[in-house]
A.B. asks: 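Got a structure here, written out as structure tokens. Questions coming.
Just the heavy atoms: all of them, side chains too, but no hydrogens, waters or symmetry mates, feed the values below.
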Amino acid sequence: QMAGTARHDREMAIQAKRNLSKTTDPVERLRLQCLARGSAGIKGLSRVFRIMDDDNSRTLDFKEFVKGLNDYAIMIDKEEAQEIFRIFDKDGSGTIDFDEFLVTLRPPMSNARKEIIMQAFRKLDKTGDGVITIEDLRGVYNAKHHPKYQNGDWTEDQVFRAFLDNFDSPYDKDGKVTTEEFMNYYAGVSASIDTDIYFIIMMKNAWKL
């Protein structure tokens, strides 16, 4: 089902590391440092921020922002961090909205790519409630072909859960995948694929769209 993703992931990480030495744009540098960790890299950073957001304001001040980057082991000096913060703090309030931050950090995708990703999401989201869960997968994804199911290591539900965990964020896997998480995941994959046509073919094959 997800053939090729691991390979794309490796290629993307290598490409990101290579491009890091070439770019001086601070936002692009931060994006590449995240992508160097694979498709879930940007999502991982968002989780770090979410954990730090004690008062659930969904915003970060500069101190929290820098602490989050450090916790996630992003190599960045204070000047560069300030510059990035200023770019994201559009209204000059001294805080940044981290959903906006993530959307800006996510590699840009064409509408054609977004549309095919949403088609895959809708196919998986059987109940149509905007979240993919184990219940949704029962009708769409056949666990019986999974090697761990075949050799008796995993139940059907464990196969489904592992499948969902691919798209979920690394530190807070809750067995639910939102549109945003699905998009973030594929924005990472998309970054390693040059042409829309190839990306769309890959998605159609992977999800039988």
Side-chain angles (χ1 to χ4, degrees), residues 1-17 19 27-28 30-51 68 72 74 98-137 140-141 143 146 158-196 198-209:
Q1 181 106 25
M2 290 312 299
T5 311
R7 194 190 69 237
H8 287 135
D9 232 34
R10 276 196 304 276
E11 284 168 10
M12 184 190 62
I14 292 164
Q15 209 177 325
K17 286 188 186 100
N19 292 343
V27 174
E28 182 62 14
L30 181 56
R31 177 185 292 145
L32 290 169
Q33 286 200 54
C34 288
L35 290 177
R37 303 172 183 220
S39 302
I42 291 174
K43 215 161 53 180
L45 181 59
S46 83
R47 278 302 142 113
V48 172
F49 286 159
R50 212 159 281 176
I51 292 160
Y72 200 52
I74 296 275
F98 63 66
D99 291 315
E100 204 176 317
F101 168 74
L102 285 174
V103 169
T104 312
L105 197 58
R106 214 159 59 182
M109 283 188 288
S110 67
N111 285 332
R113 294 191 191 207
K114 286 181 189 158
E115 182 43 46
I116 196 88
I117 294 167
M118 282 314 295
Q119 273 180 35
F121 186 88
R122 285 191 291 268
K123 181 175 177 180
L124 285 171
D125 179 18
K126 269 278 176 268
T127 53
D129 62 355
V131 182
I132 304 169
T133 59
I134 284 176
E135 287 308 310
D136 285 315
L137 291 182
V140 220
Y141 179 65
H146 196 286
Q158 281 173 307
V159 174
F160 290 147
R161 184 59 201 259
F163 174 80
L164 289 174
D165 283 350
N166 282 320
F167 303 99
D168 215 345
S169 10
Y171 307 108
D172 184 16
K173 296 186 190 299
D174 56 6
K176 297 184 185 77
V177 177
T178 61
T179 320
E180 181 200 12
E181 286 174 330
F182 201 72
M183 268 291 177
N184 278 341
Y185 177 85
Y186 275 111
V189 176
S190 168
S192 67
I193 295 173
D194 291 335
T195 67
D196 281 1
Y198 180 61
F199 182 80
I200 288 165
I201 289 170
M202 182 206 81
M203 289 297 285
K204 284 188 163 163
N205 291 341
W207 298 108
K208 310 201 170 30
L209 297 170

A.B. asks: Any sub-3.5 Å donor-acceptor pair from Lys123's side-chain atoms to Lys208's backbone N or O?
C.D. replies: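 Judged by distance alone, yes, a pair lies under 3.5 Å.
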A.B. asks: From the options Arg47, Arg106, Arg50, Lys176, select the one residue that forms a salt bridge (Lys or Arg N to Asp or Glu O under 4.0 Å) with Glu181.
C.D. replies: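 So, applying the salt bridge (Lys or Arg N to Asp or Glu O under 4.0 Å) to Glu181 and each of Arg47, Arg106, Arg50, Lys176, only Arg47 qualifies.
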A.B. asks: Is there side-chain contact between Leu45 and Phe101, with heavy atoms separated by less than 4.5 Å?
C.D. replies: yes
A.B. asks: State which residues pass ring-ring contact (aromatic ring centres under 6.0 Å, His included) with Phe182; sequence neighbours excluded, sorted by chain then number.
C.D. replies: Phe121, Phe167, Tyr186
A.B. asks: Nearest heavy-atom pair of Leu35 and Pro107: which atoms, and what distance?
C.D. replies: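 Nearest pair, atom of Leu35 first, then Pro107: CD1-CG, 3.8 Å.
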A.B. asks: Nearest 0.5 Å, please: how far is CD in Glu28 from CD in Gln33?
C.D. replies: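 Answer for the CD-CD pair, Gln33 versus Glu28, is 11.5 Å.
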A.B. asks: Restricting to side chain to side chain donor-acceptor pair (under 3.5 Å), what partner residues turn up for Glu180, sequence neighbours left out?
C.D. replies: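 Listed in chain order: nothing, the list is empty.
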A.B. asks: With rounding to the nearest 0.5 Å, note down the distance linking CZ in Phe160 to NE2 in His146.
C.D. replies: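 NE2 of His146 is found 11.0 Å from CZ of Phe160.
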A.B. asks: Minimum heavy-atom separation for Met183 to Lys114, with atom names?
C.D. replies: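 Met183 and Lys114 have their closest heavy atoms at CE-O, 3.6 Å.
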A.B. asks: Please report the closest heavy-atom contact between Leu32 and Ala16, naming both atoms and the distance.
C.D. replies: O-CB, 3.6 Å
A.B. asks: What are the two closest heavy atoms between Ile132 and Leu137, and how far apart are they?
C.D. replies: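 Scanning both residues, the minimum pair turns out to be CG2-CD2, 4.0 Å.
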A.B. asks: Can you list everything that forms a side chain to side chain contact (heavy atoms under 4.5 Å, CB included) with Ile14? Sequence neighbours excluded, please.
C.D. replies: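 Result, side chain to side chain contact (heavy atoms under 4.5 Å, CB included) vs Ile14: Arg18.
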A.B. asks: Sequence neighbours excluded, which residues qualify as side chain to side chain contact (heavy atoms under 4.5 Å, CB included) partners of Gln158?
C.D. replies: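 In terms of side chain to side chain contact (heavy atoms under 4.5 Å, CB included), with neighbours along the sequence ignored, Gln158 is linked to Trp154, Thr155.
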A.B. asks: So which atom in Leu124 and which in Val140 form the shortest heavy-atom distance, rounded to 0.1 Å?
C.D. replies: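 Minimum heavy-atom separation between Leu124 and Val140: O-CG2, 4.1 Å.
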A.B. asks: Between Ile117 and Tyr185, does the side chain to side chain contact (heavy atoms under 4.5 Å, CB included) criterion hold? Intermediate values first, please.
C.D. replies: CA-CA 10 Å; Ile117 294 167; Tyr185 177 85; over 6 Å; no
A.B. asks: To the nearest 0.5 Å, how far apart are CD1 in Ile74 and CG in Leu30?
C.D. replies: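 Going from the CD1 atom of Ile74 to the CG atom of Leu30 covers 5.5 Å.
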A.B. asks: Mark yes or no for whether Arg31, through its side chain, and Ile42, through its backbone, hold a donor-acceptor pair below 3.5 Å.
C.D. replies: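 No: the side chain of Arg31 does not pair with the backbone of Ile42.
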A.B. asks: Would you please name every residue forming a side chain to side chain donor-acceptor pair (under 3.5 Å) with Thr179, sequence neighbours left out?
C.D. replies: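 For Thr179, no residue satisfies side chain to side chain donor-acceptor pair (under 3.5 Å) once neighbours in sequence are set aside.
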A.B. asks: Test your reading of the model: is there a side-chain donor-acceptor pair from Tyr72 to the backbone of Ser46, 3.5 Å cut-off?
C.D. replies: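 Such a contact is absent between Tyr72 side chain and Ser46 backbone.
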A.B. asks: Taking side chain to side chain contact (heavy atoms under 4.5 Å, CB included) as the test, write out the residues that go with Glu135, two or more places apart.
C.D. replies: Thr133, Arg138
A.B. asks: Ignoring hydrogens, what is the shortest heavy-atom contact between Gly68 and Phe49? Give both atom names and the distance.
C.D. replies: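 Heavy-atom minimum between the residues: CA-CE2, 3.8 Å.
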A.B. asks: Who are the salt bridge (charged side-chain N to carboxylate O under 4.0 Å, His left out) partners of Arg161, not counting sequence neighbours?
C.D. replies: Asp165
A.B. asks: The criterion is side chain to side chain donor-acceptor pair (under 3.5 Å); which residues satisfy it with Arg113, sequence neighbours excluded?
C.D. replies: Ser190, Asp196
A.B. asks: Under the 3.5 angstrom rule, does the side chain of Asp125 hit a backbone N or O of Asp136 as a donor-acceptor pair?
C.D. replies: no
A.B. asks: How many angstroms lie between CE in Met109 and CD1 in Ile116, if you round to the nearest 0.5 Å?
C.D. replies: 12.5 Å
A.B. asks: Excluding sequence neighbours, so at least two apart, what forms side chain to side chain donor-acceptor pair (under 3.5 Å) with Gln15?
C.D. replies: none
